[in-house]
Amino acid sequence: MHKRVSYFAVVCLIPVVLLAIGGVMGGAWIWAAWAYLTLFTLLMDQLTGLATGPGAPDREFPAADGLLLILAAAHFGLLGVAIAALSGGFGHSALEKLVLFFSFGLFFGQVSNSNAHELIHRSRAPLYHLGKWVFVSHLFGHHVSAHRLVHHRHVGTVQDPNSAPVGMGFYQFMPRAWWGSFIAGLHAENRVRRAGEYSGVHPYFSYIVGGVTMLIAAGLIAGWGGVLAYIGLAGYATVQLLLSDYVQHYGLRRQTLAGGKTQAVTQAHSWNAPQRFSSLLMLNAPRHSDHHAHPARPFPALGLAHGVPTLPHSLAVMAVIALMPRRWRPIMDRQLAALEK
């Protein structure tokens with residue numbers, strides 16, 4: 001495995017082991033998983049400093065796809081363990097279940113979502129479909145269509161429901177982004193079919209039927225308690241994805257040029273977080289400008305160009321602040337004002 005990919009593998013796979021053992025055994029393993037995904041990550045971001053500079057766009061990373069496959073397989077295995085554990089299958093206490101819920105939810109929201117995002121940008125059909133099913137397992141399958149066909153095309157404009165304008169709080173943004181992306185993705189897929197570019201089964205069929213199938217599977221695993229646990233975990237993971245969209249594009253708008261055309265997407269239209277450790281945990285998702293400039297570029301190759309919009313804290317910390325609008329607005333107003341100078 002290439003040295004750079006091995007860093008991602010170590011950081012991402014440690015919580016897989018902790019969650020798998022903690023979900024079954026309970027005890028200190030549960031707390032270790034939670035601490036790793038929260039306090040330890042925050043500490044390591046401080047100790048390892050900030051990353052700067054370009055990535056390695058011309059280098060091949062064949063091991064990267066292997067890591068994506070491992071993480072996707074781990075996702076579905078951990079989802080089954082989480083449903084069983086939270087519905088009482090392993091005899092955990094109420095406190096242990098609470099910590100497990102947040103620990104599994106953080107992993108699904110930060111690692112599984114980042115992994116699925118990488119997969120749906122892969123050109124190989126098996127990888128793409130694997131990423132799609134990870135999002136379907138979060139009951140958010142339509143994100144696959146909306147992200148690829150709407151968000152990347154219309155980011156930073158009113159046509160993108162996942163780009164928040166200045167002044168919009170997260171609690172206003174969240175329902176708009178979920179439902180807006182559902183409708184926008186559906187319209188985009190219908191346009192593709194009317195143009196004759198694709199004639200297979202409509203992806204929204206698999207999103208909806210797949211989601212219902214997942215709910216039934218949760219019920220078969222652990223009854224109604226399993227269904228409730230599954231809906232809670234899927235909702236928590238989805239809120240984290242929407243928080244990422246909110247934070248990474250808040251207030252950054254593309255200009256309308258002469259003739260009514262919209263300014264091309266540049267690296268100035270995404271917020272970035274240069275903290276090293278959390279970037280490894282989220283497969284470089286915080287290096288968002290480079291991803292929008294080069295959507296097909298594999299995650300180990302993403303870099304941070306000089307002068308890109310940069311968040312004052314890590315993506316995870318800023319997502320927590322976004323839940324507190326009175327703190328969020330002053331911080332981001334200053335960041336936006338600095339960009340205009």
Side-chain angles (χ1 to χ4, degrees), residues 65 68-69 71-80 82-83 105 108-109 111-155 159-163 174-224 226-242 244-245 295-296:
D65 286 352
L68 299 182
L69 290 171
L71 288 173
H75 165 80
F76 289 106
L78 289 177
L79 186 57
I83 292 170
F108 297 146
V111 182
S112 292
N113 275 337
S114 298
N115 188 56
H117 171 256
E118 278 293 313
L119 287 166
I120 65 171
H121 280 288
R122 290 293 188 267
S123 58
R124 292 166 56 192
L127 296 178
Y128 163 79
H129 286 293
L130 184 57
K132 179 188 77 173
W133 282 105
V134 173
F135 282 127
V136 169
S137 76
H138 288 166
L139 305 179
F140 199 39
H142 68 265
H143 178 74
V144 178
S145 296
H147 181 80
R148 295 170 68 248
L149 302 178
V150 180
H151 180 63
H152 271 273
R153 179 180 180 183
H154 298 296
V155 64
Q159 284 78 34
D160 177 31
N162 291 72
S163 294
M174 182 170 61
R176 183 194 87 147
W178 198 100
W179 182 247
S181 63
F182 184 95
I183 297 300
L186 179 60
H187 288 334
E189 291 286 3
N190 289 340
R191 284 195 297 270
V192 168
R193 276 146 185 77
R194 285 196 298 270
E197 297 177 25
Y198 187 76
S199 58
V201 175
H202 200 294
Y204 270 65
F205 177 82
S206 61
Y207 303 155
I208 295 171
V209 174
V212 171
T213 302
M214 295 285 182
L215 287 166
I216 294 172
L220 293 175
I221 291 172
W224 286 110
V227 173
L228 292 176
Y230 172 50
I231 292 173
L233 288 167
Y236 187 23
T238 297
V239 167
Q240 290 176 80
L241 191 153
L242 294 175
S244 293
D245 279 345

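These numbers were taken from a predicted model, which means no experiment stands behind them.
- Counting heavy atoms from C-beta outward, Asn115 and His75 have side chains that stay 4.5 Å or more apart.
- Looking at His147, its side chain never comes within 3.5 Å of a backbone N or O of Ser181 through a donor-acceptor pair.
- Note that CH2 of Trp133 and CE of Met214 are 6.0 Å apart. Values are rounded to the nearest 0.5 Å.
- Looking at Asn190 and Tyr204, their side chains never come closer than 4.5 Å, going by heavy atoms from C-beta outward.
- Ring pair His143/His151: centre-to-centre distance not below 6.0 Å.
- No hydrogens or angles considered: a donor-acceptor pair under 3.5 Å links the side chains of His138 and Asn113.
- Rounding to the nearest 0.5 Å gives a distance of 12.5 Å between NE2 of His129 and CZ of Arg124.
- Residues His142 and Leu186 form no side-chain contact, since every pair of their non-hydrogen atoms from C-beta on lies 4.5 Å or further apart.
- The two residues Val136 and Gly210 come nearest to each other via the heavy atoms CG1-C, 3.6 Å.
- The line from OH of Tyr236 to CG of Leu233 is 10.0 Å long, rounded to the nearest 0.5 Å.
- Counted within 6.0 Å of CZ on Arg153, heavy atoms from surrounding residues, nucleotides or ligands total 12 or fewer; the atom is thus considered open.
- The aromatic rings of Trp179 and Phe182 sit parallel, their planes meeting at an angle under 30°, below the 60° perpendicular limit.
- Between the side chain of Tyr230 and the main chain of Ser137, a donor-acceptor pair closer than 3.5 Å is present.
- Residues Ile83 and Ala218 share a closest heavy-atom pair of CD1-CB, 4.0 Å.
- In terms of heavy-atom proximity, Ser112 sits nearest to Val134 at O-CG1, 3.9 Å.
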Practice item. Apply side chain to side chain contact (heavy atoms under 4.5 Å, CB included) to the pair Val155 and Asn162, showing each step before the final yes or no. Key: CA-CA 8 Å; Val155 64; Asn162 291 72; over 6 Å; no
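- Here the side chains of Arg122 and Leu68 are in contact, with some heavy-atom distance below 4.5 Å.
- Here the closest non-hydrogen pair linking Ile120 and Tyr128 is O-CD1, 3.4 Å.
- In plain terms, the two heavy atoms of Gly131 and Leu119 that are nearest each other are CA-CB, 3.5 Å.
- Counting only distance, with no hydrogens or angles, the side chain of Glu118 and the backbone of Ser114 share no donor-acceptor pair below 3.5 Å.
- With rounding to the nearest 0.5 Å, the separation of CD1 in Ile216 from CD1 in Ile221 is 12.5 Å.
- Checked against Ser145 for a side-chain hydrogen bond (donor to acceptor under 3.5 Å, both in side chains), the options His187, Lys132, His202, Glu189 give a single hit: Glu189.
- Nearest heavy-atom pair, Leu241 versus Phe140, reported as atom, atom and distance to 0.1 Å: CD2-CE2, 3.7 Å.
- Classification of the His121-His152 ring pair by plane angle, with boundaries at 30° and 60°, yields perpendicular.
- Of the possible donor and acceptor atoms, none in the side chain of Thr238 sits under 3.5 Å from a partner among the backbone N and O of Gly235.
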